[in-house]
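In what follows, chains carry the letters A, B, and so on, assigned in the order in which the sequence lines appear, proteins first and then strands, with residues in each chain numbered from 1. Values in this document were obtained by computation on a predicted structure and should not be read as measured data.
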Amino acid sequence: MTIDVNAFQTDFRNWYQTHKRDLPWRRDQEPYHVWLSEIMLQQTRVDTVIPYYEKFLKLFPTVQDLANAPEDQLMKAWEGLGYYSRARNLQKAARQIVQDYNGEWPTTAKELQNLAGVGPYTAAAIASISFNEKIPAIDGNAFRVFSRLFEIKADIADPKSRQVFAAAILPLMPDAAPGDFNQAVMDLGSMIATPKEPDIAHDPLRKYSLSYADGTWMDYPVKTKQKKPKPVSLVGIVIQNESGAFLLQRRDHKGVLADLFTFPLLAETEPLDAAAQGRLIQAEFKESYNLMLADLKPLGGKPVRHTFTHLKWTIDLWTAQLPSDADLSYFPGEWVAPSESDRFPVPTVQKKMMKRYLATVS
DNA sequence: CACTCGTGGAT
DNA sequence: TATCCAAGAGT
């Protein structure tokens with residue numbers, strides 16, 4: 001594979017200067033801004049991230065503000081964005097910067113990877129954009145763009161493939177503005193060299209592309225298929241006291257939706273009929289929480305469905321009553337009045353359950 | 001290293 | 001509805 005690197009860089013740079021997107025985190029090269037945006041953009045679309053990014057910068061203008069933020073305020077600001085461990089790692093890393101690095105950002109990708117939540121991609125992105133390190137930032141766009149350019153058949157789901165791509169990309173990077181090169185790859189991948197139906201006619205790199213020449217671009221990137229989400233049946237219990245407050249449960253610090261608040265959820269080892277669900281709920285509340293629910297009954301209607309990357313939840317909703325003076329010593333959660341329900345970070349599935357409940361009882 | 005960890009848009 | 005997948009990282 002012989003390629004005129006100078007011509008390639010010129011074509012690519014010219015295209016980027018004309019077509020690059022105007023994004024909030026491109027207003028400067030502040031590592032705090034670049035880092036925050038890169039964490040939010042992990043597995044998340046630009047349009048989704050923008051409002052969260054703007055809100056975060058208003059709430060936490062500096063890395064010191066983020067390091068000092070109350071956890072619930074942080075999680076609340078992240079609510080709905082998904083992959084919530086990113087938010088916890090965000091604050092861990094902010095505290096690393098303030099305490100371990102005395103507020104001075106490390107300037108190399110190698111050092112940046114010591115920060116919580118910063119892996120090889122994010123470290124390379126920050127190092128190249130903020131500190132002009134010549135290192136390829138290899139994300140899904142880069143895998144797609146360069147596998148098609150050079151017909152690279154390494155499986156991108158295999159971590160070992162990263163070095164194959166790095167070796168192919170590095171010789172193409174310019175000494176000046178390597179961060180622009182990496183961002184150009186992302187813009188090209190999201191606007192032109194898309195997964196389905198790439199706009200080949202407007203691709204500034206089309207004359208360098210082996211797969212375009214061979215008509216094989218649909219075969220790239222090579223990626224092993226992901227498994228189907230595992231079906232899980234659950235019951236969700238909408239419990240209210242005599243003043244109408246809801247009993248919300250703080251989920252375990254580990255696992256799915258860690259630390260967030262939902263109606264109490266119980267997983268069934270296998271799908272149960274209504275009678276068995278009722279017995280499960282009463283037994284679990286008695287044995288685990290020492291609580292006796294009153295007036296327990298199915299809400300009725302279709303179950304609430306929610307699909308994660310690896311799980312497919314089917315939730316049958318129930319309703320019950322519990323006095324406000326019930327002893328919650330063994331229950332990880334608290335009463336939440338409808339008026340103050342937005343003080344707690346809740347995942348999307350909780351919003352779905354609440355919406356279904358309110359629609360059914362009204 | 002295979003698995004875990006969310007959400008919403010596109011098709 | 002089913003599937004893919006979007007600027008991945010931690011374990």
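Counting all heavy atoms, side chain and backbone alike, A/Leu272 lies closest to A/Gln277 at O-NE2, 3.4 Å. Across every non-hydrogen atom of A/Leu81 and A/Tyr52, the tightest pair is N-OH, 3.5 Å. When every heavy atom of A/Leu247 is checked against every heavy atom of A/Pro264, the shortest pair comes out as O-CD, 3.3 Å.
Between A/Pro229 and A/Arg21, the residue anchored closer to the 5' end of DNA chain C is A/Pro229, taking for each the nucleotide with the nearest heavy atom. Of the two residues contacting DNA chain C, namely A/Glu38 and A/Leu115, the nearest-nucleotide position lying further toward the 5' end is that of A/Glu38.
A straight line from CG of A/Leu81 to P of C/dG8 spans 13 Å, rounded to a whole angstrom. In this entry the distance linking CD of A/Gln42 with C1' of B/dG6 reads 13 Å, nearest Å. As rounded to whole Å, 16 Å separates atom C1' of B/dG6 from atom NZ of A/Lys312. At whole-Å resolution of the value, CG in A/Leu41 and C1' in B/dG6 are 15 Å apart. Rounded to an integer number of Å, the gap from CG of A/Asp259 to C1' of B/dG6 is 15 Å. Remark: C1' of C/dA9 and CD1 of A/Ile39 are 9 Å apart, rounded to the nearest angstrom. Rounded to whole Å, the distance from CG on A/Leu112 to C1' on C/dG8 is 16 Å. Going from atom CE of A/Met40 over to atom P of C/dA9 covers 16 Å, rounded to whole Å.
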Distances for protein N/O vs nucleotides 1-5 of chain B N/O pairs under 3.5 angstrom?
residue, atom, partner, partner atom, Å
B/dC5, OP1, A/Val256, N, 3.3
B/dC5, OP2, A/His310, NE2, 3.0

Could you write out each protein N or O paired with an N or O of nucleotides 9-11 of chain B at a distance under 3.5 Å?
none

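The one candidate from A/Phe150, A/Tyr220, A/Phe143, A/Phe146 that meets the ring pair (Phe, Tyr, Trp, His ring centres under 6.0 Å) condition with A/Phe165 is A/Phe143. Among the candidates A/Arg27, A/Arg21, A/Lys20, the single residue satisfying the side-chain contact (heavy atoms from CB on, under 4.5 Å) test with A/Leu23 is A/Arg21. Exactly one of A/Trp105, A/Trp25, A/Phe56 qualifies for a ring pair (Phe, Tyr, Trp, His ring centres under 6.0 Å) with A/Trp35. That residue is A/Trp105.
Base contact: A/Gln226 has a heavy atom under 4.0 Å from a base atom. Backbone-only engagement by A/Val118 is indicated by non-hydrogen atom pairs under 4.0 Å involving sugar-phosphate atoms exclusively. Within 4.0 Å (heavy atoms only), A/Ala116 reaches sugar-phosphate atoms of the nucleic acid but no base atom. Note on A/Arg26: a base of the nucleic acid sits closer than 4.0 angstrom, heavy atoms only. Within 4.0 Å of A/Ser37, counting heavy atoms only, lies no atom of the nucleic acid at all. At a threshold of 4.0 angstrom between heavy atoms, the contacts of A/Leu23 include nucleobase atoms, whether or not backbone atoms are also involved.
The aromatic ring centroids of A/Tyr330 and A/Tyr289 lie 6.0 Å or more from each other.
Closest to the A/Thr348 side chain, of the nucleotides C/dA6, B/dT7, C/dC5, is B/dT7. Closest approach to the A/Phe308 side chain among C/dA9, B/dT7, C/dA6 is made by B/dT7 (side chain taken as heavy atoms from C-beta onward).
At least one side-chain nitrogen or oxygen of A/Lys228 sits closer than 4.0 Å to the OP1 or OP2 atom of C/dT3. Regarding contacts with the backbone of C/dG10, every side-chain N or O of A/Arg86 stays at 4.0 angstrom or more from both OP1 and OP2.
With respect to A/Asp259 and A/Arg88, a salt bridge is recorded, a charged nitrogen being found less than 4.0 Å from a carboxylate O.
Comparing C/dA6 with B/dC5, their C1' atoms sit 15 Å apart, to the nearest whole Å. Comparing the P positions of C/dT11 and B/dG6 gives a spacing of 14 Å, expressed to the nearest Å.
The hydrophobic clustering, which links ILVMFWY residues whose side-chain heavy atoms are closer than 4.5 Å, places A/Phe285 and A/Leu299 apart. When hydrophobic clusters are built by joining Ile, Leu, Val, Met, Phe, Trp and Tyr residues whose side-chain heavy atoms come closer than 4.5 Å, directly or via intermediates, A/Leu322 is not grouped with A/Met354.
Listed by residue number, the members of residues 62-80 of chain A with any heavy atom below 4.0 angstrom from DNA chain B are A/Gly80.
Between the base of B/dG8 and the side chain of A/Thr44 there is no donor-acceptor pair shorter than 3.5 Å.
Between the A/Arg305 side chain and the A/Lys312 main chain, no donor and acceptor come within less than 3.5 Å of each other.
Within 6.0 Å of NE2 in A/His202 there are 12 or fewer heavy atoms belonging to other residues, nucleotides or ligands.
Relative orientation of the A/Tyr357 and A/Phe246 rings is perpendicular, given thresholds of 30° and 60° on the angle between their planes.
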